[in-house]
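Structure first, commentary second.
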Number of protein chains: 2
Amino acid sequence: MASDHTRSAILAAAERLYADRGFGDVTLRDIVAEANVNLAAVNYHFGSKDELIAELFVTRSIATNRERLRELKAAEEAGGGRAPIEVILRALVGPTLRGCLGPENQRSTSARFMIRASIESVPPIRRIKNREIDHLRKFAGAMRRSLPDRSDVDIYWGLNFALAMAHHTIRESERLTKLSEGKCDLDDVEDVVQRVVSVATMALTAGKAEAKGLSKVAAR
Amino acid sequence: MASDHTRSAILAAAERLYADRGFGDVTLRDIVAEANVNLAAVNYHFGSKDELIAELFVTRSIATNRERLRELKAAEEAGGGRAPIEVILRALVGPTLRGCLGPENQRSTSARFMIRASIESVPPIRRIKNREIDHLRKFAGAMRRSLPDRSDVDIYWGLNFALAMAHHTIRESERLTKLSEGKCDLDDVEDVVQRVVSVATMALTAGKAEAKGLSKVAAR
DNA sequence: TTGCAATTCAAACACTTGTATGAAACTATC
DNA sequence: GATAGTTTCATACAAGTGTTTGAATTGCAA
């Protein structure tokens, strides 16, 4: 037990280094040097390098998922088991975006770490992400209840696109800033959330007939 | 010069192995074994492992970009310098989606390679992607001409979301299939293209006032 | 055929990596 | 204050990495 000082020093150092330099070129030796602990301490406390990475990611990702579900549950309860689609989508993408975007200078280490995790996607992290499906299913369920007329397929596509916009914006935030020459303000997180939610809502509520007709005309 | 047999054998073997097993655990020794050539041949013909990867990615990515620009140019010429936004968006995401999705059994090696490149994103590939901004700017320009009333910011967000949906769908195609229990048919590429284009079009053409109003109401 | 450059080859190099070991230091309990 | 359990430490290990070397081979031109 002791003070767990070593353990948390490793976690903090690893998170900081991964956030700054990516998973590719940070070795255990870099981490223990940054944490001022012995090389063997990592294997003693975590078992392996992968388990250390996994713990970092899992901790943060559990927090996000909990916040997501909290918002979703609150919304459904307030609506008597049925929440407006905008609110569901906001519960889905809001926590992630708020956790990763925001003014760069005050962006936390864990935020930067999560951005890295989103960009690089090493095996231990991929393994965890693959277990996220059950979590997403809860949102699919809520969306179905919110839009009972919509087909399952449309629901899944809407969910997919909402996540797509949120994650891609996080992952490519630097490129978007460069492309738009700074015109797209990624520091205004709530504006980003609103944009994603509003497009995803349109995707899910646009008239089917209209879309079908459009497809007939525009298809090559 | 000779027959370049060794060179192309290496390229083919590398592409196949990377496509199958990812960049993480394919070594030069794996590649030369698969290609039946000597270990030193890689460095002789390509200079380094990274340059080999870069050449693989660049070749394929140039082809996609050329097809994109071809479609864009054709559309703008047909419309006298101004193309419908749907067609521009289709030129943007169509080639990429067609190059990566489609029936799994007949998915080409290079298609699978590009999916890997999209998922794992190793340094040499990231470096190339970063040079893609000029290419995207051409699409931003066409979109501005197509929608002169739209603000630059809205254009960039629309572009960002279109790419988001296309790339995320490629990258997470397996998860979407699993999540939807096979209900989302990713083999019907033209349907996917249509969905992406249609949502992106909505994002770009939806009334501003409406969106603003919505944001006031729905913002937490 | 001779000569010369391009190519192939086996071998080794120089490092880095994560992990394991076993002794030393520490901590808390009796 | 001895003891048992935990934690730290220096060090070694074993394996794998991309890359380099210099000699052998090949293919083509003179």
Side-chain angles (χ1 to χ4, degrees), chain A residues 1-58 113 116-117 120-128, chain B residues 1-58 113 116-117 120-128:
Chain A
M1 317 283 136
S3 70
D4 266 354
H5 168 271
T6 303
R7 214 186 124 86
S8 38
I10 292 174
L11 283 170
E15 190 173 47
R16 188 167 39 230
L17 287 177
Y18 285 139
D20 288 344
R21 321 206 312 239
F23 298 98
D25 55 355
V26 171
T27 71
L28 282 188
R29 285 169 177 81
D30 294 332
I31 294 172
V32 300
E34 178 86 0
N36 278 310
V37 302
N38 186 270
L39 175 59
V42 173
N43 288 278
Y44 177 79
H45 284 281
F46 299 92
S48 72
K49 187 193 190 187
D50 278 10
E51 290 174 82
L52 165 60
I53 295 179
E55 171 148 346
L56 280 171
F57 184 73
V58 138
F113 172 82
R116 280 287 181 194
E120 295 193 20
S121 175
V122 288
I125 288 181
R126 261 203 302 281
R127 251 171 272 144
I128 293 164
Chain B
M1 308 289 133
S3 69
D4 267 355
H5 168 271
T6 303
R7 214 187 125 86
S8 36
I10 292 174
L11 283 170
E15 190 174 46
R16 189 168 39 230
L17 287 177
Y18 285 139
D20 287 344
R21 321 207 312 239
F23 297 99
D25 56 355
V26 171
T27 70
L28 283 189
R29 284 168 176 82
D30 293 332
I31 294 173
V32 299
E34 179 85 0
N36 277 309
V37 302
N38 186 272
L39 174 59
V42 173
N43 288 278
Y44 178 77
H45 285 281
F46 299 92
S48 71
K49 187 192 190 186
D50 277 10
E51 289 175 81
L52 165 60
I53 295 180
E55 172 148 345
L56 280 171
F57 184 74
V58 139
F113 172 83
R116 279 286 180 195
E120 295 194 17
S121 176
V122 290
I125 289 182
R126 260 202 303 281
R127 253 172 269 142
I128 293 163

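Labels below follow one simple rule: chain letters A, B, ... track the order of the sequence lines, proteins then strands, and each chain is numbered from 1. Quick note: numbers below take in every heavy atom, side chains included, and nothing from hydrogens, waters or symmetry partners.
For A:Phe46, the ring-ring contact (aromatic ring centres under 6.0 Å, His included) test picks out no residue, with sequence neighbours left out. A search for side-chain contact (heavy atoms from CB on, under 4.5 Å) contacts involving A:Leu28 returns A:Ile31, A:Leu39, A:Val42, A:Asn43, A:Lys49, not counting sequence neighbours. For A:Arg21, the side-chain hydrogen bond (donor to acceptor under 3.5 Å, both in side chains) criterion is met by A:Asp30, not counting sequence neighbours. Listed by chain and residue number, nothing satisfies the ring-ring contact (aromatic ring centres under 6.0 Å, His included) test with B:Phe57 (two or more places apart in sequence, or in another chain).
Going from atom CG of A:Asp4 over to atom C1' of D:dT8 covers 14 Å, rounded to whole Å. Taking atom CZ on B:Arg7 and atom C1' on C:dT8, their separation rounds to 16 Å, with Å as the unit.
When the side-chain nitrogen and oxygen atoms of A:Thr6 are compared with OP1 and OP2 of D:dT7, none of them lie within a distance under 4.0 Å.
Listed in residue order, the members of residues 32-57 of chain B having a heavy atom less than 4.0 Å from DNA chain D are B:Leu39, B:Ala40, B:Asn43, B:Ser48, B:Lys49. Within residues 21-31 of chain B, the residues approached by DNA chain D to less than 4.0 Å at the level of any non-hydrogen atom are B:Thr27, B:Leu28, B:Arg29, in residue-number order.
Under a 3.5 Å cut-off, the side chain of A:Glu34 and the backbone N or O of A:Ala13 do not form any donor-acceptor pair. Put simply, the side chain of A:Arg116 gets close to the backbone of A:Asp20: a donor and an acceptor are under 3.5 Å apart.
A 4.5 Å side-chain heavy-atom check between B:Leu11 and B:Leu56 finds at least one atom pair inside the cut-off.
For the pair B:Arg7 and B:Glu55, the salt-bridge criterion is met [side-chain N within less than 4.0 Å of a carboxylate O].
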